[in-house]
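Just below is one structure, and these are the notes that go with it.
This is a predicted model, so every value here is computed, not measured.
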Number of protein chains: 4
Amino acid sequence: MSSNLFQEILLSNASKLSVKQERIVEAAIQLFAEKGYSNTSTAEIAKAAEVSEASIFKQYGTKEKLLLHLIVPRVKEFFPVMAEEVIGSIVRTNSSLEGFLRAFLQNRVQFALENKDILRVLIKELVYKEEIKKEILPYLADVAASRLLPVIELFQERGELAQLPPRTVMRMLFTFIGGFFASRFVLLNQDHVTNEEIEDAVRFMLDGIRNPSSD
Amino acid sequence: MSSNLFQEILLSNASKLSVKQERIVEAAIQLFAEKGYSNTSTAEIAKAAEVSEASIFKQYGTKEKLLLHLIVPRVKEFFPVMAEEVIGSIVRTNSSLEGFLRAFLQNRVQFALENKDILRVLIKELVYKEEIKKEILPYLADVAASRLLPVIELFQERGELAQLPPRTVMRMLFTFIGGFFASRFVLLNQDHVTNEEIEDAVRFMLDGIRNPSSD
Amino acid sequence: MSSNLFQEILLSNASKLSVKQERIVEAAIQLFAEKGYSNTSTAEIAKAAEVSEASIFKQYGTKEKLLLHLIVPRVKEFFPVMAEEVIGSIVRTNSSLEGFLRAFLQNRVQFALENKDILRVLIKELVYKEEIKKEILPYLADVAASRLLPVIELFQERGELAQLPPRTVMRMLFTFIGGFFASRFVLLNQDHVTNEEIEDAVRFMLDGIRNPSSD
Amino acid sequence: MSSNLFQEILLSNASKLSVKQERIVEAAIQLFAEKGYSNTSTAEIAKAAEVSEASIFKQYGTKEKLLLHLIVPRVKEFFPVMAEEVIGSIVRTNSSLEGFLRAFLQNRVQFALENKDILRVLIKELVYKEEIKKEILPYLADVAASRLLPVIELFQERGELAQLPPRTVMRMLFTFIGGFFASRFVLLNQDHVTNEEIEDAVRFMLDGIRNPSSD
DNA sequence: TATGAATGAGAATTCATTCAT
DNA sequence: AATGAATGAATTCTCATTCAT
């Protein structure tokens, strides 16, 4: 029943939100980020947004649709943008693999910090809610793969990247980057990420932990 | 209020469970693993376990205590064991860093597959439930650090491991391994892990993705 | 935790109640009066009031708050009024001690009969529920003392009242009048009080049981 | 269904209680006295008595029977004794009305203090529980009347007591004494009663509050 | 005699949702 | 467009009671 909700909302062009609707969205994001969708009642959202519960339902129909209305537009905005703005531009500037990874991570961390709450909601519900997972995970995987694989292949052609199957490289990067975002923003609830941390991460992705001079 | 629950249960020696009580535990683990603690009602658990709801509460007092009674003993069992059995033994056999990582990952993946549901519960609630996170995460971090840091230092002395701050190495490994377990067992809900996957992971942790011959 | 409930409700100006809300109040008073707060379920109240249980909780939050919302406004109304309307006016008309006691008792009995159920609730819970006792008894004692002591002193000045410590007189009167109301309206559940009973009571308060001509 | 319970227990000769049974009785009396029968669970009693809940039910069948087993034997012991020991003896010693009232009140206050908890239970449940009231109140009234009326008539013959209908005198005394006990031991939960208080009460019962020299 | 284990029937409370105004 | 009022269906938890051992 909810399997088409994601598509629906994905394709719909979000109309401008009124002041009250904006308040609902903000309150919901914040509460969902903190306590999770399942542990947040519509009454709490209404109170935090200073609107009536009825208004929420008038606007969004069900609590689940509200969740999707929060997540989907940001997901749409998050990953596709990754393609053009981030990857494309960087690659064309003939940057090194290291430069690319650094810029990519910096850029996405920046974005995550600016959208921290919605990211927390996304990660939490991706882990917790089967419906969300089933709807969004394949989409994320597809989009991300279509953006990242060409880059990986490009760097392999340039000889900067180990000759592993591109999908293997991608999987490793996703595993690490996913772990990075989940641990920093959800588990540790960090409000900022130091340059050092980013450098460590870039270094790890590039070279791992082995002492290169050990033979 | 619940901050002592963890300690309490951690220190308590679980008494033997009757058949019905065993059924409660199994049903709860399975349901929590699938739908999450917050989306599982005690009525569902009772039905799945074929006991009365009252029996659950007689035994565990509250739903939250039930959750902790599922998680805590396994967490106790999971990590400390890591020290002696896994790390210790492996290190003493003078194995290489690569051998250690491979054995470690194989061993923990094996353990995870044997305790998949409880691991899923743990990861889900670690991400979702503030109380669980606050109680268990520091404990996990402590135990894990006390086990892993000596190993890291050992391999650094042997010159096999890059001369990075041990805590940095540890953080990177946790990030990756955490991402590995969370993605495989929670997001993808895999029932097995191929050798290839493990080899890829070991390779990535050791050497990253850079082409070593690129200079 | 409930110690501020009384104050809260005491100070709050009850808003107008809808028809259904009025029905809740009536049903609750009647049931609490008959069976006591602790032996009345919210389901029973809902059924008697022909509303849903949810409506009760939407309106009052908890069962205990409902109880206080029944009691407090009436207590407020009951005793202060005693001051101006009853005592004040009577005293100023230069009535005798006997006339005062008679009028006072008649007036309060009249009031009690008109508010019999709520009085029964009050007395029952005053006796039974520590929280109610702790919150309301001191308030009742204060208000009553502040009204009655001046009257006692006035009649002592006039020489109509025995030269006993005013507080002693007050305590005796409270003991007797409290016993009178509790026995008549709670124990015996009387629906009316005869003039004869009032006269007997007035006589007893004034002169006790001793034969005055016995010396 | 419970209307014969009282008679049953009243007529049964209580057998000696075992140690555990004694503990049950003590725990129940104390808890009922504090929180009331309706707000005390059998689980609490079992815990306080350090026996199993099953033992309580084995012994007493139902919670209500337990209550009656606590109350009835003491009520039996309380009032009949009043006849012989208290009233009879005092009257025959040709004591004055004042002496009688003083001795009576002193004696019953003493008894009440020695059995404070059971008295609190009795008063609370008399006020709160219809079944208890219906069963015990008539019995109390009967016994008390049969003891007190002869005394009243005796003092009237001696001319010490006002020439009022004996039942009227009795009712006034009950009202006052009931109010005295209820307020001191239940509402105020006093642990002792001063001589002064007793003197004040005796004085009030005898002479009321009127200034005798006012004519 | 004593009790550990189990439970059916309720209890208070919460929740997402509807609808008339 | 917004909401106050209302609720059916759960939800967590409690309770007196039973019974096999």
Problem set entry | Spacing of B/Lys47 atom NZ relative to E/dT7 atom C1', expressed in whole Å | 18 Å
Exercise. To the nearest angstrom, how far is C/Ile45 atom CD1 from E/dG10 atom P?
Worked result: 17 Å
For this session: Output all residues satisfying side chain to side chain donor-acceptor pair (under 3.5 Å) with B/Tyr128, sequence neighbours left out; order by chain, then residue number.
Result: A/Glu125
Seminar exercise, completed: The reported gap from CG in C/Leu66 to CD1 in C/Ile71 (rounded to nearest 0.5 angstrom) is 9.5 Å
Problem set entry | Residues which pass side chain to side chain contact (heavy atoms under 4.5 Å, CB included) with C/Ala33, listed by chain and number, not counting sequence neighbours | C/Asp117, C/Arg120, C/Val121
Problem set entry | B/Ile24 CD1 to E/dA5 P, straight-line distance once rounded to whole Å | 11 Å
Exercise. Residues two or more places apart in sequence or in another chain: which of them pass side chain to side chain donor-acceptor pair (under 3.5 Å) with C/Lys133?
Worked result: C/Glu130
For this session: Can you spot which of B/Leu70, B/Val25, B/Leu67 makes a side-chain contact (heavy atoms from CB on, under 4.5 Å) with B/Tyr60?
Result: B/Val25
Exercise. Separation of B/Arg23 atom CZ from E/dA5 atom C1', in whole Å?
Worked result: 13 Å
Strictly under 3.5 Å: I want the nitrogen or oxygen pairs between protein and nucleotides 14-17 of chain E, one per line.
| residue | atom | partner | partner atom | Å |
| --- | --- | --- | --- | --- |
| E/dA16 | OP1 | A/Lys63 | NZ | 2.8 |
| E/dA16 | OP2 | A/Thr42 | N | 2.8 |
| E/dA16 | OP2 | A/Thr42 | OG1 | 3.0 |
| E/dT17 | OP2 | A/Lys63 | N | 2.8 |

Seminar exercise, completed: Residues passing the side chain to side chain donor-acceptor pair (under 3.5 Å) test with C/Ser55, sequence neighbours excluded, are C/Ser52
For this session: Round to the nearest Å and state the distance from B/Lys65 atom NZ to F/dT12 atom C1'.
Result: 14 Å
Seminar exercise, completed: Here the distance between atom P of E/dA20 and atom NZ of C/Lys20, to the nearest Å, is 13 Å
Exercise. Listed by chain and number, what are the salt bridge (charged side-chain N to carboxylate O under 4.0 Å, His left out) partners of C/Lys35, not counting sequence neighbours?
Worked result: C/Glu44
Problem set entry | Residues in side chain to side chain contact (heavy atoms under 4.5 Å, CB included) contact with C/Lys20, at least two apart in sequence or another chain | C/Ser18, C/Arg23, C/Val51
For this session: Quick one: stems involving DNA chain E, counted as three or more successive Watson-Crick or G-U pairs, both distances short of 3.5 Å.
Result: E:2-21 with F:2-21
Problem set entry | Between F/dC15 (C1') and D/Lys35 (NZ): distance, integer Å | 13 Å
Exercise. What pairs with B/Thr42 under side chain to side chain donor-acceptor pair (under 3.5 Å), at least two apart in sequence or on another chain?
Worked result: B/Glu53
Exercise. E/dA6 phosphate, OP1 or OP2: any side-chain N/O from B/Gln21 under 4.0 angstrom?
Worked result: yes
Problem set entry | d(CD, C/Gln59; P, F/dT7) in whole Å | 12 Å
Exercise. Is the distance from OP1 or OP2 of E/dA2 to the nearest side-chain N or O of D/Ser55 less than 4.0 Å?
Worked result: no
